[in-house]
Visitor: 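This is the structure I want to talk about, given as C-alpha cells.
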Amino acid sequence: MSDRERILPLEVRGLGLAFGARTALEDVSFVLGAEGLTVVLGANGAGKSVLLRVLHGLLAADRGAILWNGRPPGPPVWRRQAMVFQKPVLLRRSVAANISFALAARGLARGERRRRLEAVLESCALAHLAHLPARRLSGGEQQRVALARALALEPDILFLDEPTASLDPAATRAIEELLLRSRTSGTRIVLVTHDVAQARRLAEDVVFLHGGRVLEHAPAERFFTRPQSEAARAHVEGRLPP
Ligand SMILES: Nc1ncnc2c1ncn2[C@@H]1O[C@H](COP(=O)(O)OP(=O)(O)OP(=O)(O)O)[C@@H](O)[C@H]1O
Ligand SMILES: [Mg+2]
C-alpha cells in the first residue's frame with residue numbers, strides 16, 4: 001500500500017464474534033464512505049465497543065471480512081487509524097511529551113514531530129498546558145489531550161468510544177468542536193455515544209446496534225425522525241427497549 005493511498009471506504013461483511021456462549025457481534029455488515037461522521041448507538045452491551053476494537057485491530061473477529069478500500073486489515077491500515085477511549089490513557093509525562101511520544105512511536109522524524117505537536121497544541125487550545133503533567137489535568141482537559149494526540153497522528157479514520165461520557169457541557173462542546181473541525185478537514189469519524197442529543201448534533205449517519213446486530217444504518221435525519229425498529233425508537237426517545 002502506498003503512503004498516499006487512502007484506507008476508505010470501509011466495507012464490513014458478516015462480522016461475528018462471541019465470548020464463550022455470549023454473542024458480542026452477529027452478522028454485522030455496513031459500508032462507510034470516504035467522508036463523514038458516523039455515530040454508533042445502542043444500549044449497554046449492544047456491541048459498540050467490541051465493534052470499534054475489531055475495526056481498530058485490537059480484537060479479532062471469529063467470522064466475516066473487513067475491507068479497507070478493498071484491502072484486508074493489517075499494520076499499514078492500522079497505522080492510518082487512531083482511537084480515543086472513554087477514559088483517557090495518558091503517560092506520566094507532560095502533555096507535550098504524551099503527544100511527541102505517540103508521534104515518535106509512528107516513526108516520524110523530529111522536525112515533523114515538532115510541526116505536528118505545535119499545530120495540535122494550538123488547534124486543541126492546549127498550548128498553555130503543554131508542559132504540565134498530563135495526569136494532573138482535569139478530566140475534560142485530559143480528554144482533550146487524548147484527542148489532540150489522536151489528531152496529531154493525522155489519521156484517515158478516528159474512532160471514539162464515548163469520549164465525553166464524564167465531561168461537563170463546556171468540555172463536551174470543546175471536544176465536539178474539534179471533531180467537527182477534523183471532519184471538515186477530511187478525517188473520517190466513527191463515534192460511539194450514549195448521548196442522544198450529542199448524536200443529533202454530530203451524526204451524518206447512524207449505525208444502531210442491538211444485541212450485537214445492526215438493526216439500522218441510516219442517514220441521521222431519517223434515523224432520528226423515522227427510526228424503523230421499535231428498539232431504535234425507544235432508544236431515541238429515551239425509553240426502555242421493548
Ligand atoms: N473481553 C470480553 N470478554 C467477555 N465478554 C466480553 C468482552 N468484551 C465484551 N464482552 C461482551 O460483549 C458484549 C458487547 O460488549 P460491548 O463492550 O461491546 O458493549 P457496549 O455496546 O460497548 O456497551 P456499553 O454501552 O455498556 O459500553 C457484552 O455482552 C459484553 O459483556
Ligand atoms: Mg462500550
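Ligands are counted one by one from 1 in listed order, and the atoms in each one are counted from 1 as well.
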Visitor: With respect to Leu10, which candidate in Leu67, Asp156, Leu32, Val31 satisfies the side chain to side chain contact (heavy atoms under 4.5 Å, CB included) definition?
Guide: Leu32

Visitor: Per the side-chain hydrogen bond (donor to acceptor under 3.5 Å, both in side chains) rule, which among Glu204, His217, Arg188 passes with Thr38?
Guide: Arg188

Visitor: Given 3.5 Å as the limit, does a donor-acceptor pair link the side chain of Arg135 with the main chain of Leu90, or not?
Guide: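 Present.
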
Visitor: Mark yes or no for whether Arg79, through its side chain, and Arg106, through its backbone, hold a donor-acceptor pair below 3.5 Å.
Guide: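 No; judged by distance alone, with no hydrogens or angles, the pair does not exist.
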
Visitor: Under a 3.5 Å distance rule, please check whether Gln143 uses its side chain to pair with a backbone N or O of Phe85 as donor and acceptor.
Guide: yes

Visitor: Check the angle between the aromatic planes of Phe223 and Phe208 and answer parallel, tilted or perpendicular using the 30° and 60° thresholds.
Guide: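 Phe223 and Phe208: tilted rings.
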
Visitor: Show me, by chain and number, every protein residue that has a heavy-atom distance under 4.0 Å to ligand 1.
Guide: Phe19, Arg22, Ala24, Ala43, Asn44, Gly45, Ala46, Gly47, Lys48, Ser49, Val50, Glu162, His194

Visitor: Under 2.8 Å from the Mg ion (ligand 2), which protein atoms of type N, O or S occur, listed by chain and number?
Guide: Ser49 OG

Visitor: Going by the salt bridge (charged side-chain N to carboxylate O under 4.0 Å, His left out) test, which pairs reach into residues 145-154, not counting sequence neighbours?
Guide: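 Salt bridge (charged side-chain N to carboxylate O under 4.0 Å, His left out) check on residues 145-154 returns Arg115-Glu154, Arg116-Glu154.
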
Visitor: Nearest 0.5 Å, what's the CD-CZ distance between Glu11 and Phe30?
Guide: 10.5 Å

Visitor: Taking ILVMFWY side chains as joined if any heavy atoms are under 4.5 angstrom apart, and letting links pass through other members, which residues group with Leu240?
Guide: none

